[in-house]
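First comes the structure, then the notes that go with it.
In this chain, numbering begins with 1 at the start of the sequence shown.
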Amino acid sequence: YGDPSQKIDYVFKVVLIGDSAVGKSQILARYARDEFSLDSKATIGVEFQTRTLVIDHKSVKAQIWDTAGQERYRAVTSAYYRGAVGAMLVYDITRRQTFDHIPRWLEELRAHADKNIVIILIGNKSDLVDQRAIPTEDAKEFAEKEGLFFLETSAFNATNVESAFSTVLTEIFNIVN
Ligand code: GDP
Ligand code: MG
C-alpha cells in the first residue's frame, strides 16, 4: 500500500514491550491507524504495523512490533528484538505492578537488543486520573537514572502518542545521521 513511487530512505524497527494489558496494542493502533478499541482482542496476532514519516526531508518507515500476547517474563524471544533500533517500554499508571516490572523488562532488553537501542519509558492510560498509582515524578526519576526518555501517554485520548514515537524516531535518525 501507499505510493509505490515513494522512496524510503530508512526503515527503523521499534519494539513495544511491557506487561500484559498496559495498552501496547492500543498505542500502536492509535499511532498507525488513529484507532482505539476497548476490546483488546481486536488486535491479537498482529506482528507489526508501519507508518511512514518525514524527518529532515528524508522518508522514514517506522516498523513497529507488538508482542502478540507473549508478555510473560522471558517469553518474548530474541527474534523479536533482532534488528530493533528503538524500544517503547510501557507500564500502566494505574497499576503499580506494571511499573515494578519495568527493571525486568529493561534487563531483558539489555540482554537481547543492540546496546545502542533508543529506549523510551511510557506511562500509559494518563486519562485515568482518578486511578493513578504511579506519580509522574517517580517514573521521571527512574528514567533519568537509567538514561531513558520518558512520557505519559493516553491511547484513549491520543495524548502524547505522536510525541512518544517522534521522540524515539528522531533520536534514532540523529544517531544514524
Ligand atoms: P496490551 O496487552 O499491552 O497490548 O494492552 P491493550 O492495548 O490490549 O489494552 C488493554 C486494555 O486497556 C484494553 O481494554 C484497552 O482498551 C485499554 N487501554 C489501552 N490504552 C488505554 C488508555 O490509554 N486509556 C484507557 N483508559 N484504557 C486503555
Ligand atoms: Mg497487545
Which atom of S37 lies closest to which atom of Q26, heavy atoms considered: N-OE1, 2.8 Å

Exercise: identify the closest heavy-atom pair between F150 and G123: CE1-N, 4.3 Å

Distance-only side-chain donor-acceptor flag, D66 / Y80, under 3.5 Å: no

Other residues, nucleotides, ligands: >12 heavy atoms within 6.0 Å of F156 CZ: no

Atom pair CG (D19) and NE2 (H101), whose distance is rounded to the nearest 0.5 Å: 5.5 Å

Heavy-atom pair with the smallest gap, counting every atom of V129 and S126: CG1-O, 3.6 Å

Candidate pair R132 and L128, rule side chain to side chain contact (heavy atoms under 4.5 Å, CB included), full reasoning: CA-CA 7 Å; R132 176 186 289 274; L128 300 177; over 6 Å; no

Heavy-atom side-chain proximity of I64 to L16 below 4.5 angstrom: yes

K140/E152 ion pair, N-O < 4.0 Å: no

Contact check, side chains of N157 and F36, non-hydrogen atoms, under 4.5 Å: no

Under 3.5 Å: donor-acceptor pair, side chain of K58, backbone of I8: no

From CG (L106) to CZ (F142), nearest 0.5 Å: 5.5 Å

R30 side chain to A155 backbone, donor-acceptor under 3.5 Å: yes

Which atom of S59 lies closest to which atom of T52, heavy atoms considered: CB-CG2, 4.3 Å

Approximate separation, where rounding is to 0.5 Å, of F99 CZ and D138 CG: 6.0 Å

Side-chain donor-acceptor contact under 3.5 Å, S154 with D127: yes

Residue E141 excluded, over 12 heavy atoms near CD under 6.0 Å: no

Six-ring centre of F165, R51 cation under 6.0 angstrom, axis tolerance 45°: no

Contact check, side chains of M88 and V15, non-hydrogen atoms, under 4.5 Å: no

E35 backbone acceptor or donor facing R33 side chain under 3.5 Å: no

Worked verdict on L169 versus F12 for side chain to side chain contact (heavy atoms under 4.5 Å, CB included): CA-CA 8 Å; L169 296 166; F12 294 157; 4.0 Å; yes

Over all atoms of both residues, closest heavy-atom pair of K125 and G23: CE-N, 4.5 Å

F48 vs K13 side-chain heavy atoms within contact, under 4.5 Å: no

N124 versus T153, side-chain donor and acceptor atoms under 3.5 Å: yes

Cluster check V14, V176: I/L/V/M/F/W/Y, side chain < 4.5 angstrom: yes

Least distance between heavy atoms, I117 atom then A84 atom: CD1-O, 3.7 Å

Nearest-0.5 Å distance that lies between atom CD1 in I102 and atom CG in L89: 4.0 Å

Any side-chain heavy-atom pair of I175 and E171 under 4.5 Å: yes

F173 and D56: CA distance, side-chain angles, deciding distance, side chain to side chain contact (heavy atoms under 4.5 Å, CB included) verdict: CA-CA 9 Å; F173 184 88; D56 225 1; 3.6 Å; yes

Between W105 and E107: side-chain donor-acceptor atoms closer than 3.5 Å: no

S166 side, atom OG; L53 side, atom CG - distance, nearest 0.5 Å: 8.0 Å

pair Y81-W65: side-chain heavy atoms closer than 4.5 Å: no

Side chain proximity check, D114 to V85, heavy atoms < 4.5 angstrom: no

Point-to-point distance, once rounded to the nearest 0.5 Å, from OH of Y31 to CD1 of I27: 13.0 Å

Any donor-acceptor pair under 3.5 Å from T170 side chain to T167 backbone: no

Under 3.5 Å donor-acceptor, T98 side chain and D92 backbone: yes

Salt-bridge present (D9, K7; N to O < 4.0 Å): yes

Pair E108-I17, side chain to side chain contact (heavy atoms under 4.5 Å, CB included): steps then yes or no: CA-CA 10 Å; E108 183 106 324; I17 51 173; over 6 Å; no

